[in-house]
Amino acid sequence: MARYNVREVEAKWQRIWQERQCFAAGADADRPKYYVLEMFPYPSGRIHMGHLRCYTLGDVIARYKRARGYDVLHPMGWDAFGLPAENAAMEKGVHPAEWTHANIAVMRDQLKSMGLSIDWSREFATCDPDYYRHEQHMFLVFFEAGLVAREEGWVNWDPIDQTVLANEQVIDGKGWRSGAPIERRKLPQWFLKITDYAEDLLAGLETLERWPERVRLMQENWIGRSEGAFIDFDLAGRNDRLSVYTTRPDTIFGASFCAVAADHPLADELAGSDAELAEFIETCRRLGTSEEAIETATKEGRDTGLAVRHPFVDGLELPVYVASFVLMGYGTGAIFGCPAHDQRDLDFARAYGLPVLPVVIPHDADPAAYRIADEAFLGDGVLANSDFLDGLDVEEAKRKVTERLQANGAGRGAINYRLRDWLVSRQRYWGCPIPIIHCGDCGIVPVPRQDLPVVLPEDVDLAAPGNPLERHPTWRKVDCPRCGKPSERDTDTFDTFIDSSWYFARFCSPKASAPVERGAVDRWLPVDQYVGGIEHAILHLLYARFFTRAMRRCGYLGVDEPFAGLFTQGMVNHVTYRTEDGEWVEPAEVEHLAAGGFARAGTGAPLIAGRVEKMSKSRKNVVDPSDVIDAYGADTARWFILSDSPPERDMEWTDAGAHGAYRYVGRVARLIEEAADQLPGTGVPAPAKFSDDARMLRRATHKAIAAVTDDIEQFRFNRAVARIYELCNVIGAAANDDGWARRESIETLLRLIAPMMPHLAEEMWQRLGHDTLLIDTPWPEPDPALLVDERVTMVVQVNGKLRGRLEMPRDAAAETVEAAARDVPNVQAALAGRSVRKAIVVPNRLVNFVV
RNA sequence: GCGCCUGUGGCGGAACAGGUAGACGCGGCAGACUCAAAAUCUGCUCCGGGCAACCGGGUGGGGGUUCGAGUCCCUCCAGGCGCACCA
């Protein structure tokens, strides 16, 4: 028997599929469409196990849907702009473009070696001027549509990456990429008005039924909708008002102070003439926003000396503080404090000796005796000490006080969001240039459409810190398109998350002269199944949802939601090894000792197996997918990654597991080799009658079809794999008396395996004598008649305890079953001397005697 | 603090819709083949007792509902994730 040569076979089929253009999308407009997309990779150098897992999952879906008769779009591209290219430029002196393209070349080959069913004719990289020219164009269209704002405000400055960051990119007070503590800076920047869509993005989540609940919840929290009111307090002695936001307008009669954020304009103004206040404001700004900082920080404030008038109580004035716990980024950056019903306000009031007046009395409390100790009361109750609100419950009081505020011109009901506008300017080189010209006379002038794209200059000095575009001797200098005077280009580039906010739309018509071709996006969008990591739950997925809405508003496409189905896959982990000195050791250097334990290859030094962790260079627990593919082949790598764990859960990569998958490849190859020459031909009709053994084999075969189909539909690939093993075991054990049934079972096995191990399946399909490709063969359909058994095994219980089993014809009458159950010897013994109070018969399942 | 998720053999995990717990794989043990190794094949493998048929226990802990609970309810514990001075 010729040994199955993995490398040759895999290369052969990859070549044939490519030559026949098997994966070109849009070949058949009569078929229903199916768009499968995995999050495109950043070309960092080589693919890693996370890529292998993600693209394998997507490929199984794509191949399965293709077999089910869909016209499948399954493209691939490169999220090619970003900081690592600039860092590489600084470290190695290679230009970012060169570095990026070299990485793409390597990674493209690696992906192709996986045997993915990708339409490579649609490939592009976001750093291609032919891609980003459209991005610039759309930005200008958005600009004209009022979706873009230029604002000077406090922004997040990353001192290591030397750029500003969006709110979503600040994690626990640190830059998402550099990890550096974020500083606050005041700069004029470009924003996309995602807040215009806050309500719509929230409402849209309801429609995303095929998204993980977890992701929808995270987005909901991030958008952070709250209902409340703005209240405008008159400032005593000034012809000015202080506007605050509150979700508890009902507690207005319990207000004992107002407080503004350190960054509030009023604080800013007062600091000019109050050195002590100015110093306090500085202290607040330096305060971290990390968890520890918040936990340990005390509620501090400084009295400004100003006071506001209570909107409903004549003559009552409340002091105005600058307070450390008030955030400029939420609401108006100012609050009124009601200590009795807000814990922070209570802490603050106790620290500064302010009054604490309860105005909501718990239902079970005595109004006359009710006092607040050191815990604010947040629950529902009856309003008291509150003039026209007395006796109402909280909801009624909110409504009534909001009405009254509105009538008095002192406020209004409002819905507030935590979501901020998306800051998209970056002071970096390797990104899409912002197509704006700043003219001393005309102000902000869009680059004329015919001058697009604004191409990145190649001759830049990347060695020094800061923005190379700003330093470039000539690039920024340009005449104003409006008045002709010497002007300057915007030297910022776009956040790379813009690049990934519409690439899925570009894939529909990647060569179009406009950003998208309407007919193409109308056919293909939304993406039917999107696959990627949970880490993009907010960032990329929220931005893309917004961008799709913006594109729709400007007539580019007709959908709101870009991704109808989302699957978030788990991470690939690996055990870590260390020497006794604590030095990390790569898996390749580890020797498994026969006596158990591990030693370092070469030196023999003992090693300690540590925790199973996410693969990372620093822990030296990385396994390169290409090493696995070279050694065992793509089918093995794909099979193992699918078989090990449910795809949404983290999995552990183990050599033993990979090896086991490789053994299975050999087992299938042997099974077919041994059977191939003995089976009847491909076109032989089914016999009129089957033997009992053949019927059993056929039942197992058709049950496997039904089960695997169901499992794939529900992304339970590990279970599908188990079902296939079961079928294989049955085939191996079955009596070989009916060639037709045997051919049916073996061919079914190959067809079920095909989405997961496409090369092996295709090769063996050919070996069985087919002259058509398996890739062009439809998915098998189970015969419903073969899915039900003629006889069933029923369980007999006594008081819920298993006492025996029973073979019965399917759907036997309850009395028959019960009588037979009583006759089971072991059951007789268990029932001896006891009277049966009740017998429960569950058809085809069990009998339970209650004694 | 708020919200969410997960706890099943040595390991990854399976168990429709409350009805045989542990499918399938990994690992392990025993055997066959072999001069030997690799590869392959066969059998066993939740724990305790028993030669065996069987018996008892068992899905993080405790309680409840039910003829019957891994599954439903309450509660506690452990691990993980998200958000967080959000007014």
Side-chain angles (χ1 to χ4, degrees), chain A residues 3 171-172 212-222 224-226 228 244-249 251 259 261 287 289 291 293-295 297-299 323-327 329-338 341-345 347-348 416-418 534-535 537-538 612 639-640 643-646 648-652 654-661 663-664 666-667 670 707 710 716 718-729 732 793-806 825-826 829-830 836-851:
Chain A
R3 211 170 141 70
I171 315 289
D172 203 19
E213 182 60 28
R214 197 152 72 107
V215 176
R216 292 192 292 180
L217 214 74
M218 281 162 72
Q219 292 213 355
E220 192 181 313
N221 289 340
W222 186 261
R225 181 184 197 273
S226 72
V244 309
Y245 177 73
T246 178
T247 55
R248 292 299 300 276
T251 63
L287 272 181
T289 48
E291 191 176 344
I294 290 164
E295 297 262 304
T298 49
K299 314 253 172 304
S324 61
F325 64 93
V326 180
L327 305 173
Y330 188 78
T332 60
I335 61 158
F336 82 74
C338 176
H341 305 293
D342 182 289
Q343 193 58 46
R344 284 158 309 164
D345 295 349
D347 295 345
F348 191 79
N416 193 45
Y417 299 93
R418 208 183 74 100
I534 187 82
E535 66 273 17
I538 293 176
V612 176
W639 187 251
F640 173 57
S643 67
D644 184 71
S645 296
E648 70 278 6
R649 226 179 279 183
D650 289 355
M651 65 169 287
E652 184 190 351
T654 59
D655 289 345
H659 197 250
R663 281 207 310 250
Y664 185 64
R667 189 177 157 198
R670 263 192 314 278
D710 191 48
R716 300 196 289 205
N718 59 319
R719 235 171 57 153
V721 165
R723 295 295 202 167
I724 289 170
Y725 275 120
E726 274 177 358
L727 175 61
C728 205
N729 290 344
T793 304
M794 296 183 69
V795 170
V796 187
Q797 298 179 336
V798 176
N799 282 344
K801 285 202 180 295
L802 179 68
R803 285 295 180 255
R805 282 166 230 274
L806 191 57
N826 205 45
V836 173
R837 282 196 290 132
K838 200 155 99 176
I840 290 150
V841 180
V842 182
N844 300 322
R845 275 234 132 92
L846 62 69
V847 183
N848 187 13
F849 293 110
V850 187
V851 295

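Letters go in sequence order (proteins before strands), and every chain restarts at 1.
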Point to revise | Phosphate OP1/OP2 of B:A14: any A:Arg716 side-chain N/O under 4.0 Å | key: no
Review point. Base, sugar-phosphate, or nothing: which does A:Val326 touch, judged by heavy atoms less than 4.0 Å apart?
Key: base
Practice item. Determine: side-chain N/O of A:Lys801 to OP1/OP2 of B:G57, distance under 4.0 Å, yes or no. Key: yes
Check your understanding: Heavy atoms under 4.0 Å, any strand shown: does A:Asn848 hit a base, just sugar-phosphate, or nothing?
Key -> base
Check your understanding: Which pair of heavy atoms, one from A:Thr332 and one from A:Val244, lies closest together, and at what distance?
Key -> OG1-CA, 3.3 Å
Practice item. Supply the atom-to-atom distance A:Arg418 CZ to A:Asn221 CG, rounded to the nearest 0.5 angstrom. Key: 8.0 Å
**Study point:** Pairwise P distance for B:C81 and B:C86, with rounding to whole Å
**Key:** 22 Å
Check your understanding: Is there a donor on the side chain of A:Arg344 or the base of B:A87 sitting less than 3.5 Å from an acceptor on the other?
Key -> yes
Check your understanding: The side chain of A:Ala656 lies closest to which of these nucleotides: B:C26, B:C41, B:G82?
Key -> B:C26
Review point. Across the strands shown, which category fits A:Arg214 at heavy-atom distances under 4.0 angstrom: base, sugar-phosphate, nothing?
Key: sugar-phosphate
Exercise for review: Determine the contact category for A:Tyr245: base if any of its heavy atoms lies under 4.0 Å from a base atom, sugar-phosphate if only primed atoms, P, OP1 or OP2 are that close, otherwise nothing.
Suggested key: base
Point to revise | Atom-pair distance (CD on A:Glu213; C1' on B:C4), nearest Å | key: 9 Å
Check your understanding: Which is true for A:Ser645 with a 4.0 Å heavy-atom rule: it touches a base, it touches only sugar-phosphate, or it touches nothing?
Key -> sugar-phosphate
Review point. Do you know which two heavy atoms are closest between A:Arg667 and A:Asn729, and how far apart they sit?
Key: NH2-OD1, 2.7 Å
Point to revise | Nucleotide B:G10, atom P - distance to CD of A:Glu652 in whole Å | key: 17 Å
Revision key, fill the gap. From the candidates B:A87, B:C41, B:A84, the one with an atom nearest any side-chain atom of A:Ile335 is B:A87
Check your understanding: Counting any heavy atom closer than 4.0 Å, what does A:Leu846 reach on the DNA or RNA strands: base, sugar-phosphate only, or nothing?
Key -> base
Revision key, fill the gap. Note: for A:His659 and A:Phe849 on RNA chain B, the residue whose nearest nucleotide lies more 5' is A:His659
Practice item. Could you tell me which non-hydrogen atom of A:Arg805 sits nearest to which non-hydrogen atom of A:Leu802, and how far apart they are? Key: NH2-CD2, 3.8 Å
Check your understanding: Looking at the side chain of A:Leu327, which of B:G3, B:C24, B:C85 is the nearest nucleotide?
Key -> B:C85
Check your understanding: Which part of the nucleic acid, if any, lies within reach of A:Arg723 when heavy atoms closer than 4.0 Å are counted: base, sugar-phosphate only, or nothing?
Key -> nothing
Practice item. For A:Arg663, report the nucleic acid contact type (base, sugar-phosphate, nothing); a contact means any heavy atom under 4.0 Å. Key: sugar-phosphate
Review point. What are the two closest non-hydrogen atoms of A:Val326 and A:Ala259, and how far apart are they?
Key: CG2-CB, 3.9 Å
**Study point:** side-chain N/O A:Asn729 vs B:A23 OP1/OP2, d < 4.0 Å
**Key:** no
Review point. Taking the chi torsion of B:G63, is it syn (within 90° of 0) or anti (everything else)?
Key: anti
**Study point:** Under 4.0 angstrom between A:Tyr330 side-chain N/O and B:A87 OP1 or OP2
**Key:** yes
Practice item. Please work out if A:Asn826 contacts a base, only the sugar-phosphate, or nothing of the nucleic acid, heavy-atom cut-off 4.0 Å. Key: sugar-phosphate
**Study point:** For atom CZ of A:Arg418 and atom C1' of B:C86, their distance in whole Å
**Key:** 7 Å
Review point. How close do A:Ile538 and A:Gln219 get, heavy atom to heavy atom, and via which atoms?
Key: O-NE2, 4.3 Å
Revision key, fill the gap. Separation of B:C83 atom C1' from A:Arg216 atom CZ, nearest Å, is 18 Å
Point to revise | Between CG on residue A:Leu806 and CE on residue A:Met794, distance to nearest 0.5 Å | key: 6.5 Å
Exercise for review: Whole angstrom is fine here: how far is it from CG in A:Asp342 over to C1' in B:A84?
Suggested key: 14 Å
Exercise for review: Using the P atom as the reference point in each nucleotide, state the distance between B:C5 and B:G58 in Å, no decimals.
Suggested key: 28 Å
Review point. If you round to the nearest 0.5 Å, how far is OH of A:Tyr330 from CD1 of A:Ile335?
Key: 12.5 Å
**Study point:** Atom pair distance, as rounded to whole Å: CD in A:Glu648 and C1' in B:C4
**Key:** 15 Å
Check your understanding: CG of A:Asp644 to CE of A:Met651: how many Å apart, nearest 0.5 Å?
Key -> 4.0 Å
Check your understanding: Base, sugar-phosphate alone, or nothing: which one does A:Gln343 contact when heavy atoms must sit under 4.0 Å apart?
Key -> nothing
Check your understanding: When all nucleic acid strands are considered with a 4.0 Å heavy-atom cut-off, which category describes A:Val795: base, sugar-phosphate, or nothing?
Key -> base
**Study point:** Nearest-neighbour nucleotide for the A:Leu802 side chain, B:A21, B:G82, B:A84 considered
**Key:** B:A21
Review point. With rounding to whole Å, what would you report as the distance between B:G27 and B:G18 at their P atoms?
Key: 36 Å
Check your understanding: Which whole number of Å gives the distance between the P atom of B:C55 and that of B:C2?
Key -> 49 Å
Exercise for review: Send over the distance from A:Met218 CE to B:G80 C1', rounded to a whole Å.
Suggested key: 13 Å
Study note, to complete from the structure: Between A:Ser643 and A:Lys838, the residue closer to the 5' end of RNA chain B by nearest nucleotide is A:Ser643
Review point. Does A:Asn718 make a side-chain N or O approach to OP1 or OP2 of B:A14 shorter than 4.0 Å?
Key: yes
Review point. Are OP1 or OP2 of B:C4 and a side-chain N or O of A:Asn221 less than 4.0 angstrom apart?
Key: no
Review point. Is there a donor-acceptor contact under 3.5 Å linking the side chains of A:Tyr664 and A:Ser643?
Key: no
**Study point:** Heavy-atom side-chain proximity of A:Val847 to A:Ile840 below 4.5 angstrom
**Key:** no
Check your understanding: With rounding to whole Å, what would you report as the distance between B:C73 and B:U6 at their P atoms?
Key -> 12 Å
Practice item. Measure from the side chain of A:Ala722, starting at C-beta and using heavy atoms only, and say which of B:C24, B:C55, B:C16 lies closest. Key: B:C24
**Study point:** Spacing of the P atoms in B:A14 and B:C24 (rounded, Å)
**Key:** 14 Å
Check your understanding: Which string of ( ) [ ] | and . matches RNA chain B, if you list each base 5' to 3' and count Watson-Crick or G-U pairs only when both distances are under 3.5 Å?
Key -> (((((((..(((......[....)))((((((.......))))))((((....))))..(((((..]....))))))))))))....
Exercise for review: Please report, rounded to the nearest Å, how far the C1' atom of B:C4 is from the CG atom of A:Leu217.
Suggested key: 6 Å
Exercise for review: Please state whether the phosphate of B:G80, meaning OP1 or OP2, lies under 4.0 angstrom from any side-chain nitrogen or oxygen of A:Arg649.
Suggested key: no
Practice item. State, to 0.1 Å, how close A:Asp345 and A:Phe336 come at their nearest heavy-atom pair, and which atoms those are. Key: OD2-O, 3.9 Å
Practice item. For B:U71 and B:G7, measure between their P atoms and round to the nearest Å. Key: 11 Å
Review point. Closer than 4.0 Å, any side-chain N/O of A:Arg803 to the OP1 or OP2 of B:G68?
Key: no
Exercise for review: Look at the side chain of A:Val842 and decide which nucleotide, out of B:C67, B:G19, B:C83, has an atom nearest to it.
Suggested key: B:G19
Check your understanding: Does A:Arg225 put a side-chain nitrogen or oxygen below 4.0 Å from OP1 or OP2 of B:C86?
Key -> no
Exercise for review: For nucleotides B:C46 and B:G22, find the distance between their C1' atoms and express it as a whole number of Å.
Suggested key: 7 Å
Review point. From the list B:A87, B:C83, B:C24, which nucleotide is the closest neighbour of the side chain of A:Glu726?
Key: B:C24
